[in-house]
Structures are given as structure tokens and as C-alpha cells.
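Report on the structure given below.
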Amino acid sequence: MSKYYLNYIDELESEAIFVLREVWAQFQNPVILFSGGKDSIVVTHLARKAFYPAKIPFALMHVDTGHNFPETIQFRDKLIEELGVNLIVGSVQEAIDDGRVAEERGKNATRNSLQITTLLDAIETNKIDCAIGGGRRDEEKARAKERFFSHRDDFGQWDPKNQRPELWNIFNGKHFEGEHFRAFPISNWTEMDVWNYILKENLSIPSLYFAHEREVVWRHNSWIPNSEFLKLEDSEEIQHKKIRFRTLGDITITGGLESEADTLEKIVNEVSTMRQTERGNRTDDKRSESAMEDRKRQGYF
């Protein structure tokens, strides 16, 4: 009798598919949080596999800050059309216009934290009981505290000291009215795993991940892309560099790195030599030592 083996990428895929199927089994109205970044693309692809040949049974939700990379929005719309699934969009601009949140001012102003209110409003309005995200434990120390099923109270808040045990892959999704869960199917993946999987599955990703010429400004020890939202200081000047991005967020806070990696194979080789976390070029995480955890406690992704 021949033995059956899975390599580690296949094991990670199997684990993530199991989590996605558990979400569908335990919740009434789950959604996939879709940013257009590599992690949410992988989660969406895993959902396709988990329920094939049926369509993905989840809607996709995007919190639109209004400061997105144009390439990200184009990729999102193309993928939604291809999948034939529903897209829920929460608009930060609408929240600002309605007086729900106040826009930051100053050189380093971002809309990142404003996504919290918009996300929680969208969850409440659409009666979502589980939001599936692409968070991974290797990204940031606050995310390392997450479980596969992460409970949120009726205010949408996260308490890292009050999480439910997950023994033998048994998940407890029971919750009271008004509460909800976040689920993280690729929690155990690393950045390298994600890129190896994208290469293995030959997934389409936004062009921003590949090295290309771009107008950038050196700020906070990284190359910030020039845009209509960027306010230059007298000492700053726009330069042309061959840049790629390891992680995608708002165009105002996402720093790039100089690179020649313009294929998936080159990206995998480059990432294998990296010693800094991929979020090291995100200016929103540099505001304090606990910036991510503070946002997550309030209801962030």
C-alpha cells in the first residue's frame, strides 16, 4: 500500500480550507475582507477551492478609504466580475461626510484608523457575524496573539486576554446577538509561504507587487509613492525609482523598496533574503510600539 504525503504548502492549504469550511458551517452571514492585497487574494482563492465547483458562498467586503492605489481598485473590480460574487463597499469618505469620523490633518495624516468605524458600521448594517481576513501571525506582534476564530464583543472590540481555546482544531463560534467573529484561515502562513503559494498556483496579483518605475519621496526610511494626497515638505523632492511594494495599504502610508524583482520567481528569491518584516515600510505601524494592537482593540482588521 503506497503512503500519502503532503508537502508543507499543501498542509497549509488544507488547514486554511478546513477553517473556511468551518466558518461556513458555523455562521449565518460571513464575508471575506478583501483589500486587493496578496493575502486577501490568497484567502479568496482558497475559498474558491474549498467550495468548488460551486461559487464562493461569501460576499467580499472592501473598506474603501478613498486613498487607494488605482491599480488595487482596478484589480478588485476585475476579480469580482470574474468570480461573480457580491461586493460590499464601506466608504470612509461617506463616514467623513456624515460626520461619523473626523479626518486627520498634517503632514503624516492618514485615513487608516478611520477604517475602524467604517468597518464596524458595515458589519452592523449588513448583519455580518463573521469577517474572514488574511491576517498572519508573522506579520506583527499583535497579530501573533490572534486565534483562527477571534471573538469581537458587541462594540466590535478585541480583547487579546479573553480568547477561546482552540484544542484539536475545534472552533467555538457561538456568540450573543450583536457580537461577531473575525476568522484568519492563513494565520500559520508566513510571507514566504504566501509567495510560494502564489507562484505554485500562478495567481494574478496587482502590478504594484512587481518592480516598476514610479515617482516616490523618501520619508520614514522608505519610498512613499507620489500622489495627489501627499503633502511635500520643502526638503523633500520627487524622485524616479524602480520600486515594488511588499504590502498594500493606502497610497499615503505604503512604503516601497528599490527592487529588480519583476517576476514571481524573482520576488520569491528576494523575499527569502529579507530580514525585515513586510510591514516595516508601513508608516501607520511606526506611530508607536503598540500602534497595531491599539487599533485592533478598537475593531481594526
Side-chain angles (χ1 to χ4, degrees), residues 7 9-10 12-17 19-20 31-65 67-89 131-136 139 184-186 189-214 225 242-251 254-257 259-272 274 278-279 281-282 301:
N7 64 37
I9 289 292
D10 291 333
L12 289 172
E13 179 189 69
S14 179
E15 178 184 65
I17 286 175
V19 173
L20 286 164
V31 297
I32 294 175
L33 296 174
F34 189 81
S35 67
K38 64 184 185 307
D39 299 317
S40 59
I41 291 170
V42 165
V43 170
T44 303
H45 179 73
L46 289 164
R48 295 177 76 173
K49 279 197 163 186
F51 301 100
Y52 183 82
K55 287 185 178 180
I56 297 175
F58 315 121
L60 270 59
M61 176 187 284
H62 180 220
V63 177
D64 183 358
T65 65
H67 288 178
N68 299 285
F69 285 94
E71 296 95 329
T72 305
I73 299 300
Q74 292 168 9
F75 183 90
R76 179 201 72 183
D77 293 342
K78 181 179 178 182
L79 182 63
I80 290 297
E81 183 179 357
E82 176 189 335
L83 295 175
V85 298
N86 292 329
L87 174 66
I88 300 170
V89 178
I132 306 163
R136 308 187 325 268
E139 284 185 275
F184 302 101
I186 61 172
W189 296 43
T190 65
E191 182 188 11
M192 192 69 189
D193 296 332
V194 170
W195 283 115
N196 277 325
Y197 189 73
I198 290 172
L199 178 61
K200 172 178 174 287
E201 298 288 306
N202 194 28
L203 301 184
S204 296
I205 56 175
S207 60
L208 297 161
Y209 284 114
F210 300 104
H212 58 288
E213 293 288 333
R214 197 173 192 105
K242 197 169 186 180
I243 296 292
R244 82 171 193 87
F245 300 93
R246 292 176 69 189
T247 179
L248 301 184
D250 268 13
I251 197 170
T254 304
L257 69 154
S259 172
E260 296 294 328
D262 54 6
T263 66
L264 286 175
E265 290 80 5
K266 289 180 181 179
I267 290 176
V268 169
N269 290 334
E270 183 179 83
V271 170
S272 68
M274 294 290 185
E278 65 199 278
R279 292 189 69 92
N281 286 331
R282 290 283 291 270
F301 302 100

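Remember, predicted model here, so these are calculated numbers, not experimental data. The residues of the chain are indexed from 1 along the displayed sequence.
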Next item on the list: Please step through side chain to side chain contact (heavy atoms under 4.5 Å, CB included) for the pair I32 and M61, ending with a clear verdict.
Entry: CA-CA 6 Å; I32 294 175; M61 176 187 284; over 6 Å; no

Return the [atom1] to [atom2] distance between [X] and [Y], rounded to the nearest 0.5 Å.
X: H45; Y: I56; atom1: NE2; atom2: CD1; answer: 10.0 Å
X: D64; Y: S35; atom1: CG; atom2: OG; answer: 12.0 Å
X: L79; Y: L60; atom1: CG; atom2: CG; answer: 7.0 Å
X: D77; Y: L87; atom1: CG; atom2: CG; answer: 7.0 Å
X: H62; Y: T72; atom1: NE2; atom2: OG1; answer: 7.5 Å
X: R136; Y: E191; atom1: CZ; atom2: CD; answer: 6.0 Å

Item checked: Qualifying salt bridge (Lys or Arg N to Asp or Glu O under 4.0 Å) pairs, either residue in residues 202-212, two or more places apart -> none

Next item on the list: If a pair satisfies salt bridge (Lys or Arg N to Asp or Glu O under 4.0 Å) and one of its residues is in residues 40-53, list it, with sequence neighbours excluded.
Entry: E13-K49, R48-E82, K49-E201

Next item on the list: Taking side chain to side chain donor-acceptor pair (under 3.5 Å) as the test, write out the residues that go with T44, two or more places apart.
Entry: none

Check: Does R214 have any salt bridge (charged side-chain N to carboxylate O under 4.0 Å, His left out) partners at least two apart in sequence or in another chain, and if so, which?
Finding: E71

Quick one: does [X]'s side chain get under 4.5 Å of [Y]'s, heavy atoms only?
X: V43; Y: D39; value: no
X: R76; Y: N68; value: no
X: I80; Y: F34; value: no

Considering only distance and modelled atom types, tabulate donor-acceptor pairs under 3.5 Å from the side chains of residues 203-211, sequence neighbours left out.
from, atom 1, to, atom 2, distance (Å)
Y209, OH, K38, N, 2.7

Next item on the list: Return the minimal non-hydrogen interatomic distance between G256 and I243, and the atom names on each side.
Entry: CA-CG2, 3.7 Å

Next item on the list: Mind listing the closest non-hydrogen atom pair of E270 and L257 along with its distance?
Entry: OE1-CD1, 4.1 Å

Notebook entry, point to check: Taking only residues two or more places apart in sequence, or in another chain, which ones meet E15 in a side-chain contact (heavy atoms from CB on, under 4.5 Å)?
Noted result: L12, F148, N188

Next item on the list: Go through F69 and D250 one step at a time and tell me if the side chain to side chain contact (heavy atoms under 4.5 Å, CB included) criterion holds.
Entry: CA-CA 7 Å; F69 285 94; D250 268 13; over 6 Å; no

Next item on the list: For the residue pair H212 and F245, categorise the inter-ring angle as parallel (less than 30°), tilted (30 to 60°) or perpendicular (more than 60°).
Entry: tilted

Check: Should the heavy atoms of other residues, nucleotides or ligands under 6.0 Å from NZ of K200 be counted, would the total exceed 12?
Finding: yes

Check: How about E81: does its CD atom have over 12 heavy atoms from other parts shown lying under 6.0 Å from it?
Finding: no

Notebook entry, point to check: Is S40 reaching over with its side chain to a backbone N or O of G134, donor-acceptor style, under 3.5 angstrom?
Noted result: no

Notebook entry, point to check: Pick from V271, V42, T190: which one makes a side chain to side chain contact (heavy atoms under 4.5 Å, CB included) with W195?
Noted result: V271

Item checked: Worked check of side-chain hydrogen bond (donor to acceptor under 3.5 Å, both in side chains) between N269 and S272 -> CA-CA 5 Å; N269 290 334; S272 68; 5.1 Å; no

Next item on the list: For L199 and E265, run side chain to side chain contact (heavy atoms under 4.5 Å, CB included): C-alpha distance rounded to whole Å, both residues' side-chain angles, the deciding distance at 0.1 Å, then the answer.
Entry: CA-CA 7 Å; L199 178 61; E265 290 80 5; 3.5 Å; yes

